[in-house]
2 protein chains.
Amino acid sequence: MRADAKKNYEHILAVAGTVATIDGAGASLRDIARRAGVGLGTLYRHFPTREALLEALLRASFDALTVKAGELETAHAIDEALVSWLRDVVACARNYKGVITAMMAAMEDTNSALHASCVSMRTAGSRLLTRAQSEGVARSDMDGEDLFSLAAALAWLGDQPSSAPRAEHLFSLIASAILTNRGSSDPSRTPGPSASR
Amino acid sequence: MRADAKKNYEHILAVAGTVATIDGAGASLRDIARRAGVGLGTLYRHFPTREALLEALLRASFDALTVKAGELETAHAIDEALVSWLRDVVACARNYKGVITAMMAAMEDTNSALHASCVSMRTAGSRLLTRAQSEGVARSDMDGEDLFSLAAALAWLGDQPSSAPRAEHLFSLIASAILTNRGSSDPSRTPGPSASR
DNA sequence: ACCTGAACACCGTTCAAGT
DNA sequence: ACCTGAACACCGTTCAAGT
């Protein structure tokens, strides 16, 4: 890439981040080009689709989440690891309002620039879930797709004015649906159905 | 209202229902007017905002849900009543793709034509939840706003291609987060923490 | 009273023309 | 190689002019 082109690329990306932080993932591309001081064609040359632009904006966060999932796989308390990762996914998706909808659409669209990132995130989460299930701390009747869907739902709720203030509480509600250890603080974390007797 | 105006009103509403069923709640108003064979101004005269049009399309369903909540309040099995009502709310919101987002926005916007309908639906649900809580079958750390938010999240998941096929399962996951009776089939439905011993 | 459609200010996307 | 911006086909919304 030529030096001037690279400079344009970086500058458009920076401006796009600023604008999308305010206007969300559906921000006007014309507006971004205008504020970046480039022609519309230049923006399209570097980012042929809106998804490509979003992917560039979020790549670093996506990678961090995938890496973190890998690290957490060997965590001592796998239930806490799972919840912590879920929280980070939700927080990441909330960087740009409405981006979670694009991510969900990308899951089914192999041509989307967001497809690979989203699928690998989901896969990383699946492994965490599987480990939690094998230790009996996560409910067994769900899979990685369900986990990602629940994270997406929470991110969406965080985008809605009427539920955003309660986002934390809604997170804990859904987290408790995923985790098996219903009792408050149970020192003996043993798998299997609850009843002892 | 003059007879010809009323005829226009009804016809626009019918066409809008058809178009919104296909294109969702964000369907082009121009397209609706075109297909209805009226001028754009006529559509705006009868429905000054998109929300007004959606409200007219959904009013009957909204009313039915509020009425049903009232009936269910005296139901024998209040837990089943709550879940049944929740299912109907989700199904209603799924009539038009994306309408749940408009409904969530309307909750905070007293000027929205959807505001009253949505608030009264939420209030009706709150009463069902409160009864379920007083019988110890619903978790006590949530309120009507949480309930509506969870219903909205489920409706949204139903709109997303990647989660729509699993909508039923996701519903049961979240329903089980709301209900207290975790054990499979427990004939003695008594409140309080699970462990017997 | 009610209806029409042009007008305005926006979009996303493409592509011939420039450097 | 890369950039520009006009052109095209769409929006939502308003409002003067018609019946």
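Numbered from 1 within each chain, the chains take letters A, B, ... in sequence-line order.
Residues A:N95 and A:L57 form no side-chain contact, since every pair of their non-hydrogen atoms from C-beta on lies 4.5 Å or further apart. In this structure, the side chains of B:C92 and B:M121 stay at 4.5 Å or more apart for every pair of heavy atoms. Proximity of A:Q160 to B:E108: side-chain heavy atoms (C-beta onward) are nowhere separated by under 4.5 Å. Here the side chains of A:F47 and A:L29 are not in contact, with every heavy-atom distance at 4.5 Å or above. Residues A:V38 and A:V15 fail the side-chain proximity criterion, which asks for heavy atoms closer than 4.5 Å. B:V90 places none of its side-chain heavy atoms less than 4.5 Å from the side chain of B:I100. The closest side-chain heavy-atom distance from B:I178 to B:L86 is below 4.5 Å. Counting heavy atoms from C-beta on, the side chains of A:D159 and A:V99 never come closer than 4.5 Å.
Here B:F171 pairs with nothing under the ring-ring contact (aromatic ring centres under 6.0 Å, His included) rule; sequence neighbours left out. Applying the ring-ring contact (aromatic ring centres under 6.0 Å, His included) rule to A:F62 yields no partners; only residues at least two apart in sequence or on another chain are considered.
Between the C1' atom of D:dA16 and the OH atom of B:Y44 lies a distance of 17 Å, rounded to the nearest Å. What separates CG of A:D31 from C1' of C:dT13 is a distance of 17 Å, to the nearest Å. If you take CG of A:L54 and P of C:dG12, they are 12 Å apart, rounded to a whole angstrom. The separation between A:R34 atom CZ and C:dG12 atom C1' is 13 Å, rounded to whole Å. Summarising the geometry, the separation between CG on B:L43 and P on D:dT13 is reported as 10 Å, rounded to the nearest angstrom. Per the geometry, CZ belonging to A:F47 stands 17 Å off C1' belonging to C:dT13, to the nearest Å.
Side-chain polar atoms of A:H169 and B:D146 form a donor-acceptor pair below 3.5 angstrom.
Of the charged side-chain nitrogens involved, at least one lies within less than 4.0 Å of a carboxylate oxygen, so that B:D31 and B:R35 count as a salt-bridged pair. Residues B:R87 and B:E168 are paired through a salt bridge, judged by an N-O separation under 4.0 Å between the basic side chain and the carboxylate. Under 4.0 Å is where a charged nitrogen must lie from a carboxylate oxygen, and between A:R166 and B:D143 at least one such pair does.
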Interface polar pairs with nucleotides 1-3 of chain D, N/O, under 3.5 angstrom:
{"unit_1": "D:dA1", "atom_1": "N3", "unit_2": "A:R2", "atom_2": "NH1", "d": "3.4"}
{"unit_1": "D:dC2", "atom_1": "OP1", "unit_2": "A:R2", "atom_2": "N", "d": "3.1"}
{"unit_1": "D:dC3", "atom_1": "OP1", "unit_2": "A:N8", "atom_2": "ND2", "d": "2.2"}
{"unit_1": "D:dC3", "atom_1": "OP2", "unit_2": "A:H46", "atom_2": "NE2", "d": "3.3"}

Enumerate all atom pairs, one protein N or O and one N or O from nucleotides 7-9 of chain C, separated by less than 3.5 Å.
{"unit_1": "C:dA7", "atom_1": "N6", "unit_2": "B:R30", "atom_2": "NH2", "d": "3.3"}

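Within 4.0 Å of B:A27, counting heavy atoms only, lie sugar-phosphate atoms of the nucleic acid but no base atom. Note on A:A33: nothing from the nucleic acid sits closer than 4.0 angstrom, heavy atoms only.
Both B:G41 and B:R50 lie near DNA chain D, and the one whose nearest nucleotide falls closer to the 5' end is B:R50.
For the pair B:S28 and D:dC10, the criterion of a side-chain N or O lying under 4.0 Å from OP1 or OP2 is not met.
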**Request:** Give DNA chain D the dot-bracket treatment, 5' to 3': Watson-Crick (N1-N3 with N6-O4 or O6-N4) or G-U (N1-O2, O6-N3) under 3.5 Å, [ ] crossing, | other strand.
**Result:** ||.|||||...|||||.||
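Shown for residues 106-117 of chain A: no residue has heavy atoms falling under 4.0 angstrom of DNA chain D.
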